[in-house]
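Notes follow the structure.
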Amino acid sequence: MTNKSSSGRRTIKKESNEQVIEQVRQLAWTGHHAKAIDLAAQALSDAGRVGSRTAPTKMDLLDLRAESYIAQGKLDLAAKDASAMMKLAKTVKKPALIAQALNRKVDIQFWLSEYQSALRTALSATKIKHSSPKVLAESLFYLAEAQNTAGQYTKAVDTAQKAIVIFQKAGEISSAGRAYLQLARAYYNLRRIDDSRQASQRALELCQSVGDQYGIGEAQSRFGITEIYIAKRIEQNQQAYWAYEAAGYVIKKTFRLGTIAYNYYQLGLFHRARRMSSEIVEILRTQEFKAGLTFQLGNLLGYEIIVGMLDSARVHLQEYAEL
């Protein structure tokens, strides 16, 4: 009788944990990252001491909270959660959890522009032996991204294709869609433009089928890169902006504005490009994405020089040099 009651309590507790994790995931999925962070923090506080039973729940909550911090541009807080994930995984000595922690770490390294470190971390994650197909596919996804960034495009094609197969078998539709975007990126850099657009289209279809706004934004952004007509490019970048807006990703939507400003520059609308770029720089100054701010300041400098705003350009040049 006692054993049955104890087992019942464990089942209820497990269902409760899964429900909370799903609630956090849905809040983040719909762009409500502040609420997702608050709920995850409360659940972490209620989870109790670290143990083999509580570790997976805590890992998922930390992982989700880190992702929401990234969406808000709070990279230092995301990095702290990634470190907490690694500490927890090593404490319980579970290989799948260690790989999960490494996956989040490499994601943050990308945002911090630590590309060589990201490649090493991604390679380490794929070498860990465990039985979680989903975690392995995520490791392969991040490795493909790292290989793309490092210029290893042929390797990235192979890695992304492996990730797609595993994601699809596991029923992870949006993740498969996002992996197709790494494939599209590799094809583009290999000058296989038609293949790149086909992979982007497949990514868009998969992400649209499950309402993955972030994935939709990424797909539209990728289309914008291969589009030859500037007006169409602006339209696709605007669609990407609204998708990132719905997903609640501050930095991503700000960068789409930067791309649209560059599109206006390409059309010869230099003053409009400068105004937009100036607004973007002000937004990025409130974030922790220094690499992004540096990039956008460089664009702003170029626009100001073209329109003859040399005094303002000199001020921005000093900030640019310091960054």
Side-chain angles (χ1 to χ4, degrees), residues 25 28 59-60 62-71 75 78-79 81-86 88-90 94-170 172-189 199-200 203 206-207 212 214-215 217-219 221-222 247 249 251-252 289 291:
R25 184 175 285 112
M59 284 290 290
D60 285 343
L62 286 166
D63 206 3
L64 288 167
R65 187 170 70 175
E67 186 171 359
S68 285
Y69 279 141
I70 290 171
L75 302 182
D81 275 354
S83 296
M85 288 173 66
M86 182 56 69
L88 174 58
K90 288 183 176 179
K94 290 195 172 186
L97 297 187
I98 293 174
Q100 182 181 355
L102 287 172
N103 290 342
R104 180 54 61 196
K105 179 179 180 180
V106 71
D107 186 27
I108 293 168
Q109 287 173 328
F110 281 127
W111 284 98
L112 295 174
S113 302
E114 298 172 357
Y115 300 126
Q116 291 299 319
S117 296
L119 179 58
R120 290 192 294 270
T121 305
L123 283 168
S124 297
T126 59
K127 292 178 181 178
I128 295 175
K129 304 297 183 182
H130 57 81
S131 59
S132 173
K134 179 182 176 181
V135 173
L136 173 59
E138 288 173 350
S139 298
L140 290 169
F141 168 84
Y142 286 119
L143 178 58
E145 185 173 7
Q147 289 168 334
N148 268 322
T149 305
Q152 300 174 4
Y153 307 127
T154 302
K155 288 183 178 179
V157 167
D158 182 60
T159 305
Q161 288 173 334
K162 290 177 181 177
I164 290 166
V165 170
I166 300 173
F167 277 135
Q168 289 181 325
K169 285 184 178 179
E172 298 289 334
I173 304 302
S174 67
S175 295
R178 296 184 190 191
Y180 264 108
L181 290 168
Q182 290 303 325
L183 184 61
R185 181 181 173 189
Y187 281 149
Y188 174 79
N189 285 302
S200 296
L206 289 172
C207 291
D212 178 7
Y214 179 88
E218 292 285 271
S221 297
R222 179 54 51 186
Y249 271 75
I251 293 176
K252 281 286 187 176
F289 189 33

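Nothing fancy with the numbering, it's 1 onward along the sequence. Keep in mind that this is a model prediction, so the values were computed, not measured. Hydrogens, waters and symmetry mates are skipped; everything else that's a heavy atom, side chains included, is used.
Put simply, OH on Y69 and CG on L64 are 12.5 Å apart, with the number rounded to the nearest 0.5 Å. Atoms CZ and CD1, from F141 and I164 in turn, are 10.0 Å apart once rounded to the nearest 0.5 Å. Note: L119 CG to E114 CD = 13.5 Å, rounded to the nearest 0.5 Å. Atom CG of L102 and atom CE of M86 lie 3.5 Å apart (nearest 0.5 Å). I166 CD1 to E172 CD: the interatomic distance, rounded to the nearest 0.5 Å, is 11.5 Å. Rounding to the nearest 0.5 Å places OG1 of T121 at 12.5 Å from OH of Y142.
Closest approach of N148 to A156, counting heavy atoms only: OD1-CB, 3.5 Å. Here the closest heavy-atom approach between residue I108 and residue A82 is recorded as CD1-CB, 3.5 Å. Of all non-hydrogen atoms in Y180 and A203, the two that sit nearest each other are CB-CB, 3.7 Å. Smallest separation of non-hydrogen atoms from A146 and A122: CB-CB, 4.3 Å. The shortest non-hydrogen separation linking T126 to L123 is OG1-O, 2.8 Å. Counting all heavy atoms, side chain and backbone alike, A179 lies closest to A160 at O-CB, 3.9 Å.
Counting heavy atoms from C-beta on, the side chains of Q100 and D60 come closer than 4.5 Å. Side-chain atoms of L183 and Y187, non-hydrogen and from C-beta on, do get closer than 4.5 Å to each other. R185 places a side-chain heavy atom less than 4.5 Å from the side chain of E145. In this structure, L112 and L75 have side chains that are in contact, with non-hydrogen atoms separated by less than 4.5 Å.
Contacts of Y249 classified as ring-ring contact (aromatic ring centres under 6.0 Å, His included), with partners at least two apart in sequence or in another chain: H33, Y214.
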Apply side chain to side chain contact (heavy atoms under 4.5 Å, CB included) to V135 and N103, showing your working.
CA-CA 8 Å; V135 173; N103 290 342; 3.9 Å; yes
Side chain to side chain contact (heavy atoms under 4.5 Å, CB included) between R222 and Y188, worked out:
CA-CA 9 Å; R222 179 54 51 186; Y188 174 79; 4.1 Å; yes
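Note: Y115 and F110 have tilted aromatic rings, judged against thresholds of 30 and 60 degrees for the angle between ring planes.
S117 and R120 form a side-chain donor-acceptor contact under 3.5 Å, judged by distance and modelled atom types alone.
Within the structure, salt bridge (Lys or Arg N to Asp or Glu O under 4.0 Å) contacts touching residues 146-161 (residues at least two apart or in different chains) are D158-K162.
Each of Q109, R104, K105 was compared with D107 under the side-chain hydrogen bond (donor to acceptor under 3.5 Å, both in side chains) criterion, and only R104 meets it.
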